[in-house]
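Note sheet for the following structure.
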Amino acid sequence: MEIVVSGIRPTGNLHLGNYMGALKNFVKMQHEYNCYFFIADYHSLTTHPNPKDLHNNVKQVLAEYLACGLDPESCALYIQSDLPEIPELYMLLNMHAYKGELERVSSFKEKAQSHPDNINAGLLTYPVLMAADIIIHKATKVPVGKDQEQHLEMARTFGNRFNRIYNTEVFPEPYAFNYGSNLVKIPGLQGGGKMSKSDGDNNVINLIDSPELIRKKMSRAVTDTGPTEMNTAPTPSVQNLFDLMKIVSEENTSKHFTDAYANCSIRYGDMKKQLAEDMITFLTPIREKIEAISNDTSYLGKVAKLGAEKAHDSATKTLNEVRDVIGFRKFY
Ligand code: ADP
Ligand code: TRP
């Protein structure tokens, strides 16, 4: 059976972009493939979180994974730092990862530009750690949003390079995956690009956001001065709202507002109110489950333990093969 791996960094609450780009696929895939889903807490260290925040964020994301429908019996659901095999493979892959290629990765260039005071080696080698996460289970499918495509290309590069250097076929090629083929990019509320935590809390709708907060964030969503000519294409900020509507609203609601835009009768205030109510309907069952699960520390502990055991079995197998082909053979 094909193997699937994916993870999300625990940097706060998960948002609708994470859900549509990644989690929704996880939930479906767990019944169709051999799945390994994890919380990428090592990756979150590039920004130096304090220990209490790190712990709370891991716990929160674990509860959010479960609330969205991940079943710890159907997949391996684990915390990355519970698997020492991952940093070991990362270190081995680093020996064949080159400074030049790592410096050309767009996520590195963006972060180096936005945080020039913290260009650490972990940030530079982020794609190597991500490759280790994926190929340690010999995955071929990786459910992620469009922003992660280049990292998948790097994972293929590192896996293929290892195979070639050691004349082996240990690692298959992993590809980004989304049901319906195209990778998705969910827009944010501030008129710019994708919904992302790094653009501030007002740009995202979190799965845990209360109805009041959703209404407040939606009322502040960026629009424009309104269409002045019939049948013109919406500006990017308004197109973002239409795109969000396609996800959470009924088809005829979307059509009502698209038609109103086309004939210039649209009132953005009404559209944003409707969108807020549809988001609330969409997210309420998830929010209620998160609230119920996140206080159940003993259940979360059992889930993490079971996941670590399953992931450990698969990771040690691959690592033993890797150590053997490299030439680490015991003589005692
Ligand atoms: P953020 O940009 O908020 O920090 P992450 O980078 O932690 O989010 O993303 C975790 C996962 O969610 C990745 O698989 C990513 O591709 C997906 N994802 C995040 N934001 C979006 C979005 N706006 N649209 C689609 N997928 C997204
Ligand atoms: N880089 C991913 C992100 O920012 C998170 C991640 C780490 C990941 N390791 C992974 C995703 C392995 C898929 C597979 O969202």
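As the structure lists them, so they are numbered: ligands from 1, and atoms in each ligand from 1.
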**Item:** Contacting atoms of ligand 1, where contact means under 4.0 angstrom from a heavy atom of Q148
**Value:** 16 (O)
**Protein heavy atom at shortest distance from atom 1 (N) of ligand 2** = Y126 OH, 2.7 Å
**Request:** Could you tell me the residue and atom name of the protein heavy atom closest to atom 8 (C) of ligand 2, and the distance to it rounded to 0.1 Å?
**Result:** G7 O, 3.5 Å
**Message:** Using heavy-atom distances only, which candidate in G17, P143, S6 approaches atom 26 (N) of ligand 1 most closely?
**Reply:** G17
**Request:** Give the atoms of ligand 2, by number and element, whose distance to some non-hydrogen atom of R9 is under 4.0 Å.
**Result:** 4 (O)
**Prompt:** Can you list the atoms of ligand 1 that are under 4.0 Å from a heavy atom of D147?
**Reply:** 15 (C), 16 (O)
**Item:** For atom 15 (O) of ligand 2, closest protein heavy-atom neighbour
**Value:** Q148 NE2, 3.5 Å
**Prompt:** Any chance CD of E250 has more than 12 other-residue heavy atoms, nucleotides or ligands included, within less than 6.0 Å?
**Reply:** no
**Asked** Among protein heavy atoms, which lies nearest atom 9 (N) of ligand 2, and at what distance?
**Response** D133 OD2, 2.7 Å
**Prompt:** Which is it for F37 and ligand 2 at heavy atoms under 4.0 Å: side chain, backbone, both or neither?
**Reply:** neither
**Request:** List every atom of ligand 1 that sits less than 4.0 Å from any heavy atom of G145, numbering the atoms from 1 in the order shown and giving each element.
**Result:** 14 (O), 15 (C), 16 (O), 26 (N)
**Asked** Who gets closest to atom 19 (C) of ligand 1 by heavy atom: N13, I8, V142, N18?
**Response** N18
**Request:** Indicate yes or no: does an N/O atom of H15 lie under 3.5 Å from an N/O atom of ligand 1?
**Result:** yes
**Request:** Examine F158 together with H96 and report whether their ring centres are nearer than 6.0 Å.
**Result:** no
**Basic-acidic side-chain contact under 4.0 Å: D209, R287** = no
**Prompt:** For ligand 2, does D147 get within less than 4.0 Å through its side chain, its backbone, both, or neither, judged by non-hydrogen atoms?
**Reply:** neither
**Prompt:** Does at least one non-hydrogen atom of V184 fall below 4.0 angstrom from an atom of ligand 1?
**Reply:** yes
**Request:** Specify side chain, backbone, both or neither for A22, according to which of its non-hydrogen atoms lie closer than 4.0 Å to ligand 1.
**Result:** side chain
**Item:** Minimum non-hydrogen distance to atom 22 (C) of ligand 1, winning option of V61, I186, V204
**Value:** I186
**Message:** Heavy-atom pairs closer than 4.0 Å: do any link ligand 2 to the side chain of L129, the backbone, both, or neither?
**Reply:** neither
**Asked** For R9, is the nearest heavy atom under 4.0 Å from an atom of ligand 1?
**Response** yes
**Item:** Atom indices of ligand 1, in the order listed, that fall short of 4.0 Å to a heavy atom of K185
**Value:** 24 (N), 25 (C)
**Complete:** Which of R220, K217, K216 passes salt bridge (charged side-chain N to carboxylate O under 4.0 Å, His left out) with D201? It is K217
**Item:** Cation-pi geometry met for K28 and Y179 (6.0 Å, 45°)
**Value:** yes
**Asked** Is K146 in polar range of ligand 1, meaning some N or O pair under 3.5 Å apart?
**Response** no
**Message:** Using a 4.0 Å cut-off to any heavy atom of M195, which atoms of ligand 1 qualify?
**Reply:** 20 (N), 21 (C), 22 (C), 23 (N)
**Message:** Taking the ring of F171 and the ring of F162, is the distance between their centroids below 6.0 Å?
**Reply:** yes
